[in-house]
Amino acid sequence: MVRKRFKDLIHMQDENITTATLKERNRIAREIHDNVGHMLTRSILQAGALGVLNKDDSLKEPLAELKYSLDLAMNNIRSSVHDLHDESVNLHSTIMSLAENVEDFDVNVRYDIKGDIPKEIKYAFIAITKEAITNAEKYSNGNRVDILLREHPAFYQLSIQDNGQNATINPSSGIGLSNMRERVDALGGILQISTDHGFSINATLMKD
């Protein structure tokens, strides 16, 4: 019993550290975007204006090189901010937040993934979960949704099932379901949708 409590405490501490780290990354990304990005944008505009106004041939090439360097710096900043933001998205926390915001259903989440996963898979699972919850709220006469995210040796799995009966939605149609299929197909995965016993979705995305 003591060993289990100790293990749970360590796990909780690790979760808190991860959450704090992700929040700090997000804060840094915002500051870079708001401060450095703003200054670079102003510098790029000034360099462009100087290039237009300049009448000295000897300065044309240095000004062009200056503007090129500023443009390159801006692109690098955007890429870095984008990467920081992607890393700051926590799949577990996001799924739990989606579950907590559902009013008419009891949403049960089982999360069995250790560590972070590729951002493309992360975003796909978030989008699919949002759409599945929306479908349950619109079309299901049930009162419970079970969400399972699990890591296997060769793939990641997302399963979502509600306990509604006589689902009338056509699993082969609908913009939301089409978007699910496109996301999964783009990642070389498999998406299975069924309405036999409530509305169920099973997405399998392979590891690299």
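Only a predicted model underlies this, so the values are computations on that prediction, with no experimental measurement involved. FYI, the numbering just counts along the sequence from 1.
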Gap separating the [atom1] atom of [X] from the [atom2] atom of [Y], nearest 0.5 angstrom:
{"X": "R42", "Y": "L70", "atom1": "CZ", "atom2": "CG", "value": "12.0 Å"}
{"X": "N141", "Y": "D162", "atom1": "CG", "atom2": "CG", "value": "8.5 Å"}
{"X": "L98", "Y": "K130", "atom1": "CG", "atom2": "NZ", "value": "6.0 Å"}
{"X": "E103", "Y": "E137", "atom1": "CD", "atom2": "CD", "value": "8.0 Å"}
{"X": "I133", "Y": "I128", "atom1": "CD1", "atom2": "CD1", "value": "12.5 Å"}
{"X": "S97", "Y": "N90", "atom1": "OG", "atom2": "CG", "value": "11.0 Å"}

message: Take a 6.0 Å sphere around CD1 of I190 and say whether it holds more than 12 heavy atoms from other residues, nucleotides or ligands.
response: no
task: May I have the step-by-step check of side-chain contact (heavy atoms from CB on, under 4.5 Å) for V145 and I160, ending in yes or no?
output: CA-CA 7 Å; V145 176; I160 305 173; 3.8 Å; yes
Give the table of side-chain donor-acceptor pairs shorter than 3.5 Å for residues 60-69, with sequence neighbours excluded, one pair per line with atom names and distance.
{"residue": "K60", "atom": "NZ", "partner": "D57", "partner atom": "OD1", "Å": "3.3"}
{"residue": "K67", "atom": "NZ", "partner": "D71", "partner atom": "OD2", "Å": "3.1"}
{"residue": "S69", "atom": "OG", "partner": "E65", "partner atom": "O", "Å": "3.0"}

Check for me, please, whether [X] and [Y] land in the same ILVMFWY cluster - side-chain distances under 4.5 Å, paths through other members count.
{"X": "V102", "Y": "L91", "answer": "yes"}
{"X": "L149", "Y": "F155", "answer": "no"}
{"X": "L148", "Y": "Y111", "answer": "no"}

Taking atom types as modelled and ignoring hydrogens, do the side chains of [X] and [Y] form a donor-acceptor contact shorter than 3.5 angstrom?
{"X": "Q157", "Y": "S159", "answer": "yes"}
{"X": "N179", "Y": "E131", "answer": "no"}
{"X": "N143", "Y": "N163", "answer": "yes"}

Does the side chain of [X] reach to within under 4.5 Å of the side chain of [Y], using non-hydrogen atoms?
{"X": "T129", "Y": "L158", "answer": "yes"}
{"X": "Q192", "Y": "I201", "answer": "no"}
{"X": "H152", "Y": "R150", "answer": "yes"}
{"X": "T94", "Y": "K122", "answer": "no"}

Locate the shortest heavy-atom distance separating [X] from [Y]; write the atom from each residue and the value.
{"X": "I193", "Y": "R181", "value": "CD1-NH2, 3.9 Å"}
{"X": "G189", "Y": "L205", "value": "CA-CD2, 3.7 Å"}
{"X": "F105", "Y": "A136", "value": "CZ-O, 3.3 Å"}
{"X": "Q161", "Y": "S200", "value": "OE1-CB, 2.9 Å"}

message: Under 4.0 Å between a side-chain nitrogen and a carboxylate oxygen: does that hold for R183 and D185?
response: no
task: Could you walk me through whether R144 and D146 pass side-chain contact (heavy atoms from CB on, under 4.5 Å), step by step?
output: CA-CA 7 Å; R144 179 184 175 90; D146 293 308; 2.9 Å; yes
message: For I117 and Y156: C-alpha separation, side-chain torsions, deciding distance, then whether side-chain contact (heavy atoms from CB on, under 4.5 Å) applies.
response: CA-CA 9 Å; I117 68 175; Y156 297 101; 3.4 Å; yes
For D56, side-chain contact (heavy atoms from CB on, under 4.5 Å) partners two or more places apart: N54, S58, L59
task: Before giving the answer on side-chain contact (heavy atoms from CB on, under 4.5 Å), spell out for I147 and N108 the whole-Å C-alpha distance, their side-chain angles and the decisive distance to 0.1 Å.
output: CA-CA 6 Å; I147 301 174; N108 176 60; over 6 Å; no
